[in-house]
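Proteins come first, then strands; the chains are lettered A, B, ... in the order of their sequence lines, and each starts at number 1.
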Amino acid sequence: MTSLGRDFFERSVHDIAPELIGTTLLCDGVGGTIVEVEAYDHEDPAAHGFRGRTARNATMFGPAGHAYVYRSYGIHWCLNFVCEDVGVANAVLIRALEPQHGLDAMRQRRGVTEERLLCAGPGRLCQALAITREHDGLPLDEPPFELRAREDEPEIVSGPRIGITKATEKPWRYALAGSRYLSRPLRPHARE
DNA sequence: CACAGGATATACT
DNA sequence: GTATATCCTGTGA
């Protein structure tokens with residue numbers, strides 16, 4: 001089983017994001033296949049790193065292949081993978097997993113039993129995998145994380161990102177075609 | 001469908 | 001200092 005190390009993340013965030021669909025993410029053995037991500041680059045006004053470094057987003061400016069975890073809306077945690085260590089902030093937001101390992105632990109942490117809702121959304125995913133600020137800055141190729149390369153080429157669809165008001169026209173949301181574990185259905189980007 | 005919940009950041013006075 | 005917005009989710013109308 002091939003693990004994705006730092007080299008994988010030393011590239012453009014726009015190359016990396018679609019390639020993450022279909023890879024397997026585990027934290028302490030709990031996790032599953034990544035089915036939904038969004039790309040945020042350093043020129044993106046919707047990205048945290050756009051306006052420069054702060055206490056919250058400092059990890060985004062660090063080495064690639066690490067986890068950037070931030071508090072969202074004061075309540076939830078969101079997990080990102082840091083890309084391209086070139087002195088600016090680039091990251092991929094992990095939005096949804098297809099649960100495959102440690103479902104009992106997920107149900108206990110989430111307080112729901114419906115499998116579809118365990119990891120369908122960035123906040124839910126972090127709760128299910130027990131990801132918090134403790135994991136901010138940790139390398140993705142070392143425990144408790146494990147990131148396994150996909151074995152087959154999945155069918156990927158892209159579309160507009162969710163929950164932002166700036167640069168909404170960028171089709172930088174990527175998802176596994178037909179997956180029932182998405183945070184929201186992806187309406188394929190309309191092409192004129 | 002509307003909206004509360006509340007950390008973090010920015011934009012004002 | 002206060003006000004407003006945010007990479008969201010659960011709950012109740």
Side chain of [X] - closest among [options]:
| X | options | value |
| --- | --- | --- |
| A:H76 | B:dT8, C:dT9, C:dT6 | C:dT9 |
| A:I164 | B:dT8, C:dC7, B:dG5 | C:dC7 |
| A:R51 | C:dT9, B:dT10, B:dA9 | B:dT10 |
| A:T54 | B:dA9, B:dT8, C:dG10 | B:dA9 |
| A:T165 | C:dT6, C:dC7, B:dG5 | C:dT6 |
| A:R124 | C:dT9, B:dG5, B:dA7 | C:dT9 |
| A:R56 | B:dT10, C:dC7, B:dA9 | B:dA9 |

Can you tell me if [X] uses its side chain to pair, donor with acceptor, with the backbone of [Y] under 3.5 Å?
| X | Y | answer |
| --- | --- | --- |
| A:D28 | A:L129 | no |
| A:R150 | A:I21 | yes |
| A:R110 | A:M106 | no |
| A:E36 | A:S183 | yes |

In whole Å, what is the span from the [atom1] atom of [X] to the [atom2] atom of [N]?
| X | N | atom1 | atom2 | answer |
| --- | --- | --- | --- | --- |
| A:Y68 | B:dT8 | OH | P | 11 Å |
| A:N80 | C:dT6 | CG | C1' | 14 Å |
| A:F50 | C:dC7 | CZ | P | 13 Å |
| A:K170 | C:dC7 | NZ | P | 16 Å |
| A:R161 | C:dT6 | CZ | C1' | 14 Å |
| A:I162 | C:dC7 | CD1 | C1' | 10 Å |
| A:R110 | C:dT11 | CZ | P | 10 Å |
| A:I75 | B:dC3 | CD1 | C1' | 12 Å |

inquiry  = Just to be sure I follow the notation: if a pair is Watson-Crick (purine N1 to pyrimidine N3 plus N6-O4 or O6-N4) or a G-U wobble (N1-O2 and O6-N3), each under 3.5 Å, what dot-bracket string does DNA chain C give, with | for pairs to another strand?
reply    = ||||||.|||||.
Hey, does the side chain of [X] come within less than 4.0 Å of [N]'s phosphate (OP1/OP2), counting only N and O?
| X | N | value |
| --- | --- | --- |
| A:R173 | C:dC7 | no |
| A:R71 | C:dC7 | no |
| A:R133 | B:dA7 | no |

task = Taking atom CD of A:E134 as the centre, report whether more than 12 heavy atoms of other residues, nucleotides or ligands fall under 6.0 Å from it.
result = no
key: A:R6 atom CZ, over 12 foreign heavy atoms within 6.0 Å   = yes
remark   = The side-chain contact (heavy atoms from CB on, under 4.5 Å) partner of A:F81 among A:V37, A:N90, A:I16, A:L147 is A:L147
query = Between A:D136 and A:T59, does any side-chain donor sit less than 3.5 Å from a side-chain acceptor?
reply = yes
message = Suppose we call two aromatic rings close when their centres sit under 6.0 Å apart. Are A:F145 and A:H135 close by that rule?
response = yes
request  = May I ask you to check whether A:H48 and A:Y70 place their ring centers less than 6.0 Å from one another?
outcome  = yes
note = Contact check, residues 39-48 of chain A vs DNA chain C, heavy-atom distance under 4.0 Å, returns A:Y40, A:A46, A:A47, A:H48
ask   = Can you find a donor-acceptor pair, distance only, under 3.5 Å between A:Y73 side chain and C:dC7 base?
value = no
message = Taking the P atom in each of B:dA4 and C:dT4, what is the distance between them to the nearest angstrom?
response = 14 Å
